[in-house]
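See structure below.
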Amino acid sequence: MKKNISIAFLIFFLLNLVVSCGKKDNRSTSSHEGLAVEMTSLEKIRLGESLFKGKGNCASCHLKDKKVIGPSVREIIEIYDKHEVSIVSFLKGEGEPVVDPSQFIIMQANLTITKKMSDLELESLEAYMRSL
Ligand code: HEC
């Protein structure tokens with residue numbers, strides 16, 4: 001009887017080990033890209049907001065609907081949608097300025113920051129701008 005219990009415990013222990021190893025494997029094989037897909041749009045907006053106000057420093061030149069140093073976020077989104085161009089590409093340094101090309105030199109300096117950001121960060125910035 002005692003032996004049976006020990007065997008039962010041993011089996012239980014082994015099963016647990018197999019299950020927890022499996023979990024660990026899954027986690028380590030999921031790529032950064034995989035995690036990006038798993039992020040909900042709300043999480044992207046939150047990440048975008050922290051980049052826009054923090055590391056990106058975008059908020060010091062772009063307000064929601066009022067032009068300050070840079071055009072308002074609403075104006076940028078409107079013009080980008082009209083031209084059917086991508087904000088992410090522009091921030092990667094792969095696009096031409098379409099909103100206010102005469103002032104591009106002021107914006108251009110910020111592309112050194114955004115070019116270093118991951119696709120996920122850039123998509124999150126755009127998601128936040130679109131949520132405003
Ligand atoms: C020092 C002020 C300043 C900062 C900081 C700044 N911008 Fe700008 N931005 C501008 C100005 C001025 C323009 C207008 C020139 C232009 O259209 O390229 C502009 C234009 C843009 C445009 C439209 C570009 C186009 O096609 O014409 C986007 C998109 C943009 N900014 C996003 C951002 C994001 C995202 C950040 C933060 C990572 C940021 N900006 C930080 C000043 C700034």
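The basis for the numbers below is simple: all heavy atoms, side chains too, and nothing from hydrogens, waters or symmetry mates. Sequential numbering from 1 along the given sequence is applied to the chain's residues.
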> Tell me, do Ile87 and Glu123 make a side-chain contact under 4.5 Å, heavy atoms counted?
Replying inline: no

> What are the two closest non-hydrogen atoms of Val73 and Met129, and how far apart are they?
Replying inline: CG1-O, 3.4 Å

>> Testing the basics here: between Pro97 and Pro101, what is the closest heavy-atom pair and its distance to 0.1 Å?
In response: O-CG, 3.6 Å

> Can you check whether Leu91's main-chain N or O pairs, donor with acceptor, with Thr114's side chain at less than 3.5 Å?
Replying inline: yes

According to side chain to side chain donor-acceptor pair (under 3.5 Å), who are the partners of [X], at least two apart in sequence or on a separate chain?
{"X": "Lys92", "answer": "Asp119"}
{"X": "Ser131", "answer": "none"}
{"X": "Ser102", "answer": "Asp100"}
{"X": "Lys115", "answer": "none"}

> Other than Leu63, what residues sit in its cluster of Ile, Leu, Val, Met, Phe, Trp and Tyr side chains whose heavy atoms are under 4.5 Å apart, directly or through others?
Replying inline: Val68

> With sequence neighbours excluded, what pairs up with Tyr80 under the ring pair (Phe, Tyr, Trp, His ring centres under 6.0 Å) test?
Replying inline: none

> Partners of Lys66 by salt bridge (Lys or Arg N to Asp or Glu O under 4.0 Å), sequence neighbours excluded?
Replying inline: none

> Residues in salt bridge (Lys or Arg N to Asp or Glu O under 4.0 Å) with Arg74, at least two apart?
Replying inline: Asp65

> At what distance, to the nearest 0.5 angstrom, does CD1 of Ile69 lie from CD of Gln103?
Replying inline: 10.5 Å

>> Rounded at 0.5 Å granularity, tell me how far CG in Leu47 sits from CE in Met39.
In response: 5.0 Å

> Under the ring pair (Phe, Tyr, Trp, His ring centres under 6.0 Å) rule, what pairs show up with a residue in residues 57-78, not counting sequence neighbours?
Replying inline: none

>> Tell me if the CD atom of Glu94 is crowded by more than 12 foreign heavy atoms within 6.0 Å.
In response: yes

>> Between Lys53 and Glu49 (salt bridge meaning N to carboxylate O under 4.0 Å), is one present in this structure?
In response: yes

> Between Lys67 and Glu75, is there a salt bridge with N-O shorter than 4.0 Å?
Replying inline: no

Can you list, pair by pair, the side-chain donor-acceptor contacts under 3.5 Å of residues 104-112, counting residues two or more places apart and other chains?
residue : atom : partner : partner atom : Å
Asn110  : ND2  : Ile106  : O            : 3.4
Asn110  : ND2  : Met107  : O            : 3.3
Thr112  : OG1  : Ala109  : O            : 2.5

>> Using the side chain to side chain contact (heavy atoms under 4.5 Å, CB included) criterion, which residues pair with Ser86? Sequence neighbours excluded.
In response: Val88, Ser89

> Taking only residues two or more places apart in sequence or in another chain, which ones pass side chain to side chain contact (heavy atoms under 4.5 Å, CB included) with Glu121?
Replying inline: Leu51, Lys55, Met117, Ser118

>> Set out, in order, the CA-CA distance, both residues' side-chain angles and the distance that settles side-chain contact (heavy atoms from CB on, under 4.5 Å) for Val98 and Phe90, then state yes or no.
In response: CA-CA 10 Å; Val98 292; Phe90 174 77; over 6 Å; no

>> Set out, in order, the CA-CA distance, both residues' side-chain angles and the distance that settles side-chain contact (heavy atoms from CB on, under 4.5 Å) for Leu125 and Cys58, then state yes or no.
In response: CA-CA 10 Å; Leu125 266 179; Cys58 325; 4.3 Å; yes

